[in-house]
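All heavy atoms count here, side chains included; hydrogens, waters and symmetry mates do not. For ligands, and for the atoms within them, numbers begin at 1 and follow the listed sequence. Numbers for residues simply follow the sequence, beginning at 1. As the structure is a computational prediction, the values presented were derived from the model and not from experiment.
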Amino acid sequence: MQISESKRLFAHAKNFIPGGVNSPVRAFRAVGGEPIFIKRADGAFIYDEDDNAYIELINSWGPMILGHNHPMIREAVIKAMENGTSFGAPTAREVEIAELIVSMVPSVEKVRMVNSGTEATMSAIRVARGYTGRDKFIKMEGHYHGHGDSFLISAGSGAITMGHPDSPGVTVGTAKDTLLAPYNDLEAIERLVESNKGEIAALILEPVPGNMGLTLPLPGYLEGLREICTREGIVLIFDEVMTGFRLSIGGAQELFGVTPDMTTLGKIIGGGMPVGAYGGKKEIMEFVSPAGPVYQAGTLSGNPIAMAAGLTMLNYLNSHPEVYARLSGIGRSIAEGITKINHNLDLNYTINHLGSMYSLFFTNEPVTDFESAKKSDTELFGKYFQAMLKRGVYLAPSQFESLFLSTALTDDLVGKILQAHEESMKDIL
Ligand SMILES: *Cc1c(COP(=O)(O)O)cnc(C)c1O
């Protein structure tokens with residue numbers, strides 16, 4: 001496999017773009033080696049600048065649930081473009097997509113469209129603060145909510161009640177209003193609530209986290225959070241940028257039957273275009289400008305081309321619920337296949353799987369939170385990633401990511417993925 005053109009482009013890119021990429025994880029730093037530059041994609045495959053083909057297990061980090069370059073979405077975009085690319089004024093399509101989202105996502109009674117998941121979570125926190133008149137919020141260790149300042153806080157040891165900035169440029173003043181808790185630990189939340197009585201505006205989490213590798217909520221955990229938030233007047237926010245329209249039509253909240261007060265959405269909602277959204281209870285969303293006092297705006301929000309792509313995607317999923325059973329079937333085949341292969345190997349591993357998401361961790365302990373995820377052998381993961389890539393399977397370039405499956409994966413391709421896995425394991429062990 002020759003990758004000379006990607007190498008040339010990356011070297012050139014570094015002269016003009018910080019680190020050569022427009023989003024850090026694309027640089028392959030966590031797995032060694034250099035990024036592949038993509039020329040085009042179709043169905044289950046992406047093709048690099050040297051025309052190598054790869055079976056895709058990231059799908060643009062989630063949006064391409066129907067596979068790449070789906071004709072239906074492509075045609076909707078081309079048709080919309082014939083009428084102009086942006087108006088900066090209301091359109092019928094925005095009303096249609098809002099009504100559809102409200103009908104699909106249990107917690108959403110009103111919704112505001114934005115341009116990314118980052119914007120959605122930043123705005124949701126602002127609205128929750130405006131609504132409650134409180135400043136602090138709780139976030140979980142290892143959960144990702146985009147790159148808004150107040151979310152870039154990690155869990156330094158002992159940083160239970162006061163966050164420390166994770167990135168230069170985030171002020172201590174900002175960080176001090178972000179309270180950290182470990183995922184899947186209700187007692188930690190009770191302690192935080194007790195020591196910050198009446199001061200917490202919101203609790204935001206990925207109900208099924210994908211950004212520390214796929215991790216599942218323990219039985220009763222989401223229900224417990226719901227109870228605490230209701231009791232304490234805390235706005236419960238599910239960040240479903242990843243899980244929305246993926247784990248079920250109504251996201252993780254529908255799958256687990258726990259309804260938050262607000263929900264943030266992204267990725268699938270744009271069908272591959274830059275779209276995000278936040279929504280929730282009417283009485284909370286009525287605080288958003290111009291209905292209410294909390295300011296939030298966007299020149300390109302509700303962009304007609306992006307809405308055409310998103311609307312086509314959501315309409316399709318809404319009218320084809322069988323997609324979810326099919327995706328789960330594909331996920332199960334891969335997870336069971338990997339388990340069977342690994343069974344015969346001298347290997348520490350854990351596989352977490354739900355629907356069309358899975359992560360293979362190189363640790364033999366159950367992965368239920370950030371601490372346990374961090375026990376993984378990331379060096380071994382890097383080798384695994386490169387071995388799979390060499391065999392034409394493109395995984396997320398980090399141990400701490402979920403993989404995203406699409407309906408474009410046929411049984412034949414699943415077989416090829418498992419064969420690549422078996423060979424890769426022989427290679428690296
Ligand atoms: C991707 C992601 C975001 C950020 O979305 P962007 O569109 O990259 O800004 C926020 N929350 C979660 C859970 C995500 O997976």
Close-contact set for ligand 1 against [X] heavy atoms, below 4.0 Å:
X      : result
Glu206 : 13 (C)
Met242 : 15 (O)
Ser116 : 7 (O), 9 (O)
Tyr144 : 11 (N), 12 (C), 13 (C)
Gly146 : 3 (C), 4 (C), 10 (C)

So, is the end of the Lys374 side chain (NZ or CZ) under 6.0 Å from the ring centre of Phe370 and within 45° of the ring's axis?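 Yes - Lys374 lies over the ring of Phe370, closer than 6.0 Å to its centre and within 45° of its axis.
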Is the closest N or O pair between [X] and ligand 1 shorter than 3.5 Å?
X      : value
Thr118 : yes
Asp239 : yes
Gly117 : yes

For [X] and [Y], test the side chains for any donor-to-acceptor distance below 3.5 angstrom and give the result as yes or no.
X      : Y      : result
Asn352 : Ser359 : no
Tyr278 : Glu119 : no
Ser328 : Arg332 : no
Gln296 : Arg126 : no

Is the shortest heavy-atom distance from the side chain of Asp369 to the side chain of Asp185 under 4.5 Å?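 They are not in side-chain contact.
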Closest protein heavy atom (residue, atom, distance) for atom 14 (C) of ligand 1: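 Here the closest protein heavy atom is Lys267 NZ, 3.0 Å.
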What is the closest protein heavy atom to atom 3 (C) of ligand 1, and at what distance does it sit?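 Nearest neighbour among protein heavy atoms for atom 3 (C) of ligand 1, to 0.1 Å: Val241 CG1, 3.7 Å.
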For Glu199, the option from Lys176, Arg134, Lys136 that meets salt bridge (Lys or Arg N to Asp or Glu O under 4.0 Å):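 Considering Lys176, Arg134, Lys136, a salt bridge (Lys or Arg N to Asp or Glu O under 4.0 Å) with Glu199 is found only for Lys136.
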Does Asn211 approach ligand 1 within less than 4.0 angstrom via side chain, backbone, both or neither, non-hydrogen atoms only?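 It is the side chain that gets close, since no backbone atom is under 4.0 Å.
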Any idea how Tyr183 and Tyr221 line up, ring-wise: parallel (<30°), tilted (30 to 60°), or perpendicular (>60°)?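 Because their plane-to-plane angle is over 60°, the rings of Tyr183 and Tyr221 count as perpendicular.
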